Amino acid sequence: MIRVISIALAFVALTLVLLPFQLIGMIFDLRLQRTIPHLYHRILCALIGVRIREVGTRSAASPALILSNHVSWLDICVITALGPVVFVAKSEVAGWPVFGWLARLQRTIFVNRQARHQTGAATREIAGRLLGGDAVVLFAEGTSSDGIRVLPFRSSLVGAVHHALGDGTQHTQVTVQPMSLAYVSLSGLRMGRGLRERVAWYGDVELVPHLLSVLASGAVDVTVSWGEAIAYDMRADRKAIARDAEHSVRRMTAAALRAAPPGPATPVPEPMQPMPEPA
């Protein structure tokens with residue numbers, strides 16, 4: 001309990017310190033609005049005890065759409081700790097106490113998945129972020145899983161690739177890169193099925209009790225694997241893009257889970273150099 005309280009107090013203090021800088025960055029459309037969430041989540045990972053091991057390299061190409069599997073709310077911290085990104089989330093998240101507010105501060109794109117007629121508006125917003133220089137992360141399964149399986153990738157929002165090319169005049173291609181998240185150990189113990197529910201957040205599990213359980217558990221080791229980054233033009237088929245990324249993420253996840261537990265890892269990697277602002 002002392003560990004949970006200490007982390008909670010540090011989280012509140014960190015949020016209050018960085019909040020004014022993030023608001024300034026958003027109001028004046030400064031680079032700060034991208035770098036503050038990156039710094040924020042690097043520190044959060046260190047506080048929680050998340051140790052990240054990367055396999056492969058994230059592409060520096062822009063515009064960039066990252067297609068990932070989804071295991072836990074921790075995914076947000078892990079991915080953002082690696083570099084500035086924005087996420088696509090279901091619209092319900094915007095109304096969550098505290099977490100919805102934090103998601104809006106990170107400039108999350110909210111999508112109403114129950115209203116199919118709004119898919120076009122969502123893809124146009126994603127396209128706008130891509131053309132504006134943001135790397136956009138899409139949890140392409142549409143939901144979270146137990147972290148062992150990779151669910152089928154949905155292709156509807158991948159159409160943002162086409163919108164980005166159709167709406168812009170500066171780019172003829174958008175780079176799509178698959179990314180795998182595999183949680184491999186907890187408190188130094190290999191994460192078998194018995195421990196997996198301590199980290200994986202899916203189904204009807206309540207968020208707050210799950211969060212408190214993670215905070216009390218100790219070190220979490222996660223392997224982030226980057227697949228081949230492919231530049232697509234207007235001729236690309238969104239279903240083929242989603243299918244190929246799904247196969248890549250499934251292979252990388254299986255390989256990470258089969259691998260031996262990683263050795264000592266730094267809590268977070270060195271910060272990425274910020275990408276140049278779009279002209």
Side-chain angles (χ1 to χ4, degrees), residues 3-4 6-26 30-60 62 64 66 68-89 93 98-99 101-108 129 133-137 139 177 179-187 199 201 211 214-226 256 262-277:
R3 171 183 165 82
V4 174
S6 299
I7 294 174
L9 291 176
F11 162 75
V12 172
L14 175 67
T15 303
L16 292 177
V17 168
L18 294 182
L19 175 60
F21 297 98
Q22 180 65 6
L23 290 175
I24 291 171
M26 294 175 69
L30 304 175
R31 188 193 307 275
L32 207 60
Q33 66 184 325
R34 296 183 175 95
T35 57
I36 289 295
H38 174 39
L39 173 63
Y40 181 75
H41 287 284
R42 289 184 73 240
I43 298 174
L44 276 185
C45 282
L47 289 172
I48 298 170
V50 177
R51 302 185 296 197
I52 305 171
R53 174 175 177 261
E54 284 190 271
V55 176
T57 304
R58 174 179 165 178
S59 172
S62 180
I66 298 170
S68 174
N69 61 322
H70 190 19
V71 183
S72 172
W73 54 268
L74 262 180
D75 298 349
I76 306 298
C77 297
V78 170
I79 298 170
T80 314
L82 296 176
V85 295
V86 296
F87 292 91
V88 179
V93 173
V98 181
F99 301 101
W101 175 69
L102 290 173
R104 288 193 294 273
L105 283 173
Q106 194 166 346
R107 304 167 55 245
T108 297
R129 295 296 186 86
D134 286 304
V136 177
V137 176
F139 293 122
Q177 185 168 22
M179 180 184 68
S180 158
L181 294 161
Y183 293 87
V184 296
S185 67
L186 180 66
S187 298
V199 174
W201 179 59
L211 184 151
V214 170
L215 297 185
S217 295
V220 177
D221 288 294
V222 56
T223 299
V224 177
S225 304
W226 297 98
T266 53
V268 289
E270 290 297 318
M272 291 181 59
Q273 294 298 318
M275 289 189 174
E277 288 285 349

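Remember, it's a predicted structure, so these values are computed and weren't measured experimentally.
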Inset, instruction - Tell me, yes or no, whether the heavy-atom count around F21 atom CZ, taken from other residues, nucleotides or ligands under 6.0 Å, exceeds 12. - result: no
Legend entry - Close side-chain approach of H41 and I79, heavy atoms under 4.5 Å: no
Legend entry - Min side-chain heavy-atom separation L19-I36 under 4.5 Å: no
Legend entry - Within-4.5 Å side-chain heavy-atom neighbours: V214 and W201: no
Legend entry - Minimum-distance pair of heavy atoms, taken over all atoms of A256 and A182: CB-CB, 3.6 Å
Inset, instruction - Write down the atom of M26, the atom of L105, and the distance for their closest heavy-atom approach. - result: SD-O, 3.4 Å
Inset, instruction - Output the distance between atom CZ (F11) and atom CG (L215), rounded to the nearest 0.5 Å. - result: 9.5 Å
Legend entry - Taking every non-hydrogen atom, the tightest pair across V86 and R107: CG1-NH1, 3.4 Å
Legend entry - Interatomic distance, L181 atom CG to H70 atom NE2 [nearest 0.5 angstrom]: 9.5 Å
Inset, instruction - With V78 as reference, evaluate V71, L44, V50 under the side-chain contact (heavy atoms from CB on, under 4.5 Å) test and give the passing residue. - result: V50
Inset, instruction - Search all heavy atoms of V88 against all heavy atoms of F139 and return the closest pair with its distance. - result: O-CD1, 4.5 Å
Inset, instruction - Kindly give the heavy-atom pair with the smallest separation between T108 and A103, and that separation in Å. - result: OG1-O, 2.8 Å
Inset, instruction - Could you tell me whether the side chain of I48 reaches within less than 4.5 Å of the side chain of L74, counting heavy atoms only? - result: yes
Legend entry - Exam field: side chain D221 to backbone V184, donor-acceptor pair closer than 3.5 Å: no
Legend entry - R53 (side chain) donor-acceptor with S225 (main chain) under 3.5 angstrom: no
Inset, instruction - Report the distance from atom CZ of F99 to atom CG of L211, rounding to the nearest 0.5 Å. - result: 5.0 Å
Legend entry - Atom pair CE/CG of M179 and N69 - distance to nearest 0.5 Å: 7.5 Å
Legend entry - Non-hydrogen atoms of L32 and Q22 that approach each other most closely: O-OE1, 3.5 Å
Inset, instruction - With sequence neighbours excluded, tell me which residues meet side-chain hydrogen bond (donor to acceptor under 3.5 Å, both in side chains) with T80. - result: Q106
Legend entry - Interatomic spacing from CG in L47 to CZ in R42 - rounded to 0.5 Å: 12.0 Å
Inset, instruction - Would you check, one step at a time, whether the test side chain to side chain contact (heavy atoms under 4.5 Å, CB included) holds for T15 with Y40? - result: CA-CA 8 Å; T15 303; Y40 181 75; 2.7 Å; yes
Inset, instruction - Go through the steps for V199 and V222 under the test side chain to side chain contact (heavy atoms under 4.5 Å, CB included), then give the verdict. - result: CA-CA 10 Å; V199 174; V222 56; over 6 Å; no
Inset, instruction - Can you measure from CD (E54) to CG (L82) and round to the nearest 0.5 angstrom? - result: 4.5 Å
